[in-house]
Novice: 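Before I ask anything, let me first share the structure, which is written out below as structure tokens.
Each residue takes its place number in the sequence, starting with 1. First listed ligand is number 1; within each ligand, the first listed atom is number 1.
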Amino acid sequence: MSEDLGESRAPGVDEPFVLVERVVDPYIVLFHEPSGFRSEQFRALRNKLVVMNPEGLPRSLLVTSAVQGEGKSATSLNLGFALAELENTRAILLDFDLRQPSVSGMLGLQPAPGLTEILTGAMPMREGIRETGREGFDFIGAGLLKVRPGELLASSRVDDLLNALKEEYSYILLDSPPVIPVTDAGILAARCDGTLLVVRLETSPKKLVKQSVKNLEELGANVLGTFVIGIRGADPAYDERYRYPEES
Ligand SMILES: Nc1ncnc2c1ncn2[C@@H]1O[C@H](COP(=O)(O)OP(=O)(O)O)[C@@H](O)[C@H]1O
Ligand SMILES: [Mg+2]
């Protein structure tokens, strides 16, 4: 018996398929190099937060910075992965940077309905929860609807969402826009148990960092401290990446 290999086809071979390679942002070091030195720095941050928190508080944590491009999104993602390493700990990251969302992209995933749909009542919370690929760490992306962030963030639905998530997760991390150009982070900070300010050494203007802490505290935020990322870079005042869409 002979087989005509040239003609034989496995079932389904005619159906086109695309192999999608997931490209996770290189700064998500807990994903790429979990045993590396840089990952340890995020575990140290996690440990500090956990020690601050003997009774399970602060459980909702806003991650922000003075200006754009200081590493808020990378920090909140790394922190989420680090928290998920702890036993009996589940973390969720909410991409509250509705103006320049980046969480799904940094995870190498497509944007999908998320916070804007949930907060406008267009979708139940559960449908917005997505997996990061690591057990114990989920996220909700910013969503696809065009909204006015100022109005949406002030709504009591934000509190309802945070409270509902606290039933299921040990830590709720909120990524956010920077403090100086827009008020979103201030509005959110007052409703979170704690706020962490990311400071990129040598690029964060000191004056603006101080101003951010002042703004946040005036709005009722519990500023827990700063997380310093030590990297060299361009002067934020002249760097394209630090531009931010105007307040709407
Ligand atoms: N730990 C880090 N070390 C060095 N560079 C970093 C680090 N985290 C982020 N960056 C750089 O900063 C850029 C902005 O990071 P991102 O997390 O998107 O900032 P933000 O959310 O504050 O705008 C990244 O694209 C990367 O170039
Ligand atoms: Mg960001």
Novice: Polar contacts were defined as any N/O atom of the residue lying under 3.5 Å from an N/O atom of the ligand; does this apply to Gly71 and ligand 1?
Specialist: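 Min N/O separation from ligand 1 is below 3.5 Å for Gly71.
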Novice: Find all atoms of ligand 1 within a distance of less than 4.0 Å from any non-hydrogen atom belonging to Arg200, and give their numbers and elements.
Specialist: 11 (C), 12 (O), 13 (C)
Novice: How are the rings of Phe81 and Phe137 set to each other: parallel, tilted or perpendicular (split at 30° and 60°)?
Specialist: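 Perpendicular, since the angle between the ring planes exceeds 60°.
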Novice: Just to be sure I read this right, does ligand 1 sit under 4.0 Å from the backbone of Gln100, its side chain, both, or neither, counting only heavy atoms?
Specialist: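 For Gln100, no heavy atom sits under 4.0 Å from ligand 1.
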Novice: Return a yes/no value for Arg38: is any of its N or O atoms, backbone included, closer than 3.5 angstrom to an N or O of ligand 1?
Specialist: no
Novice: Are side-chain heavy atoms of Ser65 and Arg200 found at a separation under 4.5 Å?
Specialist: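 Ser65 vs Arg200: side chains apart.
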Novice: Indicate yes or no: does an N/O atom of Ser65 lie under 3.5 Å from an N/O atom of ligand 1?
Specialist: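 Such a contact does not occur with ligand 1.
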Novice: Looking at Val29, is its backbone amide N or carbonyl O close enough to the side chain of Asn78 to form a donor-acceptor pair, meaning the two atoms are under 3.5 Å apart?
Specialist: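 Pair found, side chain donor or acceptor close to backbone of Val29.
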Novice: In terms of hydrophobic clusters joined by side-chain contacts under 4.5 Å, are Val209 and Leu219 together?
Specialist: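 Cluster IDs for Val209 and Leu219 differ.
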Novice: Which atoms from ligand 1 have a heavy atom of Gln68 less than 4.0 Å away?
Specialist: 23 (O)
Novice: Are Arg130 and Asp95 ion-paired here, with the side-chain N under 4.0 Å from a carboxylate O?
Specialist: no
Novice: Please determine whether any non-hydrogen atom of Gly69 lies less than 4.0 Å from an atom of ligand 1.
Specialist: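 Contact check Gly69 vs ligand 1: positive.
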Novice: So, 2.8 Å as the limit: is an N/O/S atom of Gln100 located closer than that to the Mg ion (ligand 2)?
Specialist: no
Novice: Could you check if a side-chain atom of Lys166 sits within less than 4.5 angstrom of a side-chain atom of Asp193, using non-hydrogen atoms only?
Specialist: yes
Novice: Among Leu216, Leu224, Leu62, find the residue that satisfies the side chain to side chain contact (heavy atoms under 4.5 Å, CB included) test when tested with Leu197.
Specialist: Leu216
Novice: What atoms in ligand 1 come closer than 4.0 Å to a heavy atom of Ala74?
Specialist: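 Reading through ligand 1 atom by atom, the close ones are 8 (N), 9 (C), 17 (O).
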